[in-house]
A.B. asks: 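Mind looking over this structure? Questions follow.
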Amino acid sequence: RKEVEQDPGPFNVPEGATVAFNCTYSNSASQSFFWYRQDCRKEPKLLMSVYSSGNEDGRFTAQLNRASQYISLLIRDSKLSDSATYLCVVNRGGNQFYFGTGTSLTVIP
Amino acid sequence: DAGITQSPRHKVTETGTPVTLRCHQTENHRYMYWYRQDPGHGLRLIHYSYGVKDTDKGEVSDGYSVSRSKTEDFLLTLESATSSQTSVYFCAINRGLNNSPLHFGNGTRLTVT
């Protein structure tokens, strides 16, 4: 079983829509969680860390559910510029970072 | 930007030739990593370093070696490149504190013909 699993999509949504991605992780000892954004042929860039109580940054909300071992990312009021691949990253402590394969989002005018 | 530079940005080489990729950071972070990214696999760890001259293998280390003689530089060497090593290579750094994220360089696109 993969350490981190994401629905690859693609998700095609109209501008202004709300879209949610989920990511599941297999190891209950995982300690920290992140969402990254990756544009085509570019490096992954940190979008936000995910905290136990959930956190929000503008139109983006991240949630962590330790009991069910998943994290989620909610994007409200989608913009064309949100089109990208979103990577879920889980850290099991130390240097053990595990990556999902990414979820592709296209926001349509 | 996190102050990470990778070079070269693009490289085409022939099977059997040695190739060295360079990662340079200006952040004085202790931890540095080399990943490769391939379709359907996500990012996979090749090697990482936790200090000068301190390195360890990752998930896909076969065919690769690394060196870190200075805090700011982490080199990845393909001793004898193979077509299966055609990939996009990303360097990343980490402060090493609890819950600190990775920050990535802008990548090297390597093609082995």
Side-chain angles (χ1 to χ4, degrees), chain A residues 1-10 21 23-27 29-53 55 57 60 62 64 66 71 73 84-104, chain B residues 1-7 9-10 23 25 29-51 54-61 66 68 74 87-111:
Chain A
R1 183 182 171 189
K2 287 185 179 179
E3 288 277 342
V4 179
E5 299 209 53
Q6 287 183 255
D7 180 349
F21 309 135
C23 168
T24 59
Y25 59 95
S26 62
N27 195 305
S30 298
Q31 297 181 10
S32 51
F33 309 87
F34 310 93
W35 283 103
Y36 282 74
R37 173 198 168 119
Q38 186 172 25
D39 294 290
C40 188
R41 301 175 79 85
K42 300 280 192 180
E43 74 274 23
K45 291 190 176 179
L46 179 68
L47 180 65
M48 57 199 302
S49 302
V50 187
Y51 301 119
S52 296
S53 56
N55 47 300
D57 183 2
F60 299 85
L64 168 63
R66 284 193 182 272
I71 67 172
L73 178 68
T85 296
Y86 291 84
L87 302 176
C88 165
V89 181
V90 173
N91 179 238
R92 241 205 275 167
N95 293 289
Q96 299 180 70
F97 288 88
Y98 296 93
F99 295 80
T101 52
T103 299
S104 173
Chain B
D1 287 346
I4 314 169
T5 305
Q6 290 185 232
S7 59
R9 293 296 314 280
H10 302 274
C23 177
Q25 61 145 332
H29 286 349
R30 179 179 173 192
Y31 293 90
M32 299 185 76
Y33 309 77
W34 277 107
Y35 290 91
R36 60 178 288 174
Q37 186 174 35
D38 304 286
H41 287 279
L43 283 130
R44 292 180 292 174
L45 181 65
I46 305 171
H47 281 278
Y48 67 95
S49 169
Y50 46 96
D54 291 323
T55 65
D56 208 346
K57 295 179 180 180
E59 177 189 357
V60 289
S61 59
V66 290
R68 191 165 178 203
F74 192 32
S87 188
V88 181
Y89 292 85
F90 288 104
C91 175
I93 62 176
N94 181 267
R95 289 190 298 169
L97 302 177
N98 284 343
N99 301 320
S100 63
L102 293 169
H103 295 282
F104 289 88
N106 47 15
T108 296
R109 192 167 295 272
L110 176 68
T111 302

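Chain letters run A, B, ... following the sequence lines, proteins first, then strands; residues in each count from 1.
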A.B. asks: Using 0.5 Å steps for rounding, measure from the NZ atom of A/K42 to the CG atom of B/N106.
C.D. replies: 8.0 Å
A.B. asks: Work out which heavy atom in B/G40 is nearest to a heavy atom in A/T101; give both atom names and the distance.
C.D. replies: O-CG2, 3.7 Å
A.B. asks: Ring centres under 6.0 Å, that's the criterion: do A/F99 and B/Y35 meet it?
C.D. replies: yes
A.B. asks: Heavy-atom distance under 4.5 Å to chain A: side chain of B/N99, backbone, both or neither?
C.D. replies: both
A.B. asks: With only heavy atoms counted, which part of B/Q37 is less than 4.5 Å from chain A, the side chain, the backbone, both or neither?
C.D. replies: side chain
A.B. asks: With a 4.5 Å cut-off on side-chain heavy atoms, are A/L87 and B/L43 touching?
C.D. replies: yes
A.B. asks: Need one label for A/Y36: side chain, backbone, both or neither, based on atoms under 4.5 Å from any heavy atom in chain B.
C.D. replies: side chain
A.B. asks: Apply salt bridge (charged side-chain N to carboxylate O under 4.0 Å, His left out) to A/D39 and list each qualifying residue two or more places apart in sequence or on a separate chain.
C.D. replies: A/R37
A.B. asks: Nearest 0.5 Å, what's the CZ-OH distance between A/F97 and B/Y31?
C.D. replies: 10.0 Å
A.B. asks: Below 4.5 Å, heavy-atom pairs only: which of A/S49, A/S32, A/P44 has the largest tally toward chain B?
C.D. replies: A/P44
A.B. asks: Counting neighbours of CZ on B/R95 that are heavy atoms of other residues, nucleotides or ligands and sit closer than 6.0 Å, is the number greater than 12?
C.D. replies: no
A.B. asks: Would you indicate whether the side-chain heavy atoms of B/F90 and A/Q38 approach each other to under 4.5 Å?
C.D. replies: yes
A.B. asks: Just to verify, what does A/Q96 make a side-chain hydrogen bond (donor to acceptor under 3.5 Å, both in side chains) with, not counting sequence neighbours?
C.D. replies: A/Y98
A.B. asks: Contact part of B/R109 toward chain A, heavy-atom cut-off under 4.5 Å: side chain, backbone, both or neither?
C.D. replies: side chain
A.B. asks: Side chains of A/F34 and B/L102: closer than 4.5 Å at any heavy-atom pair?
C.D. replies: no
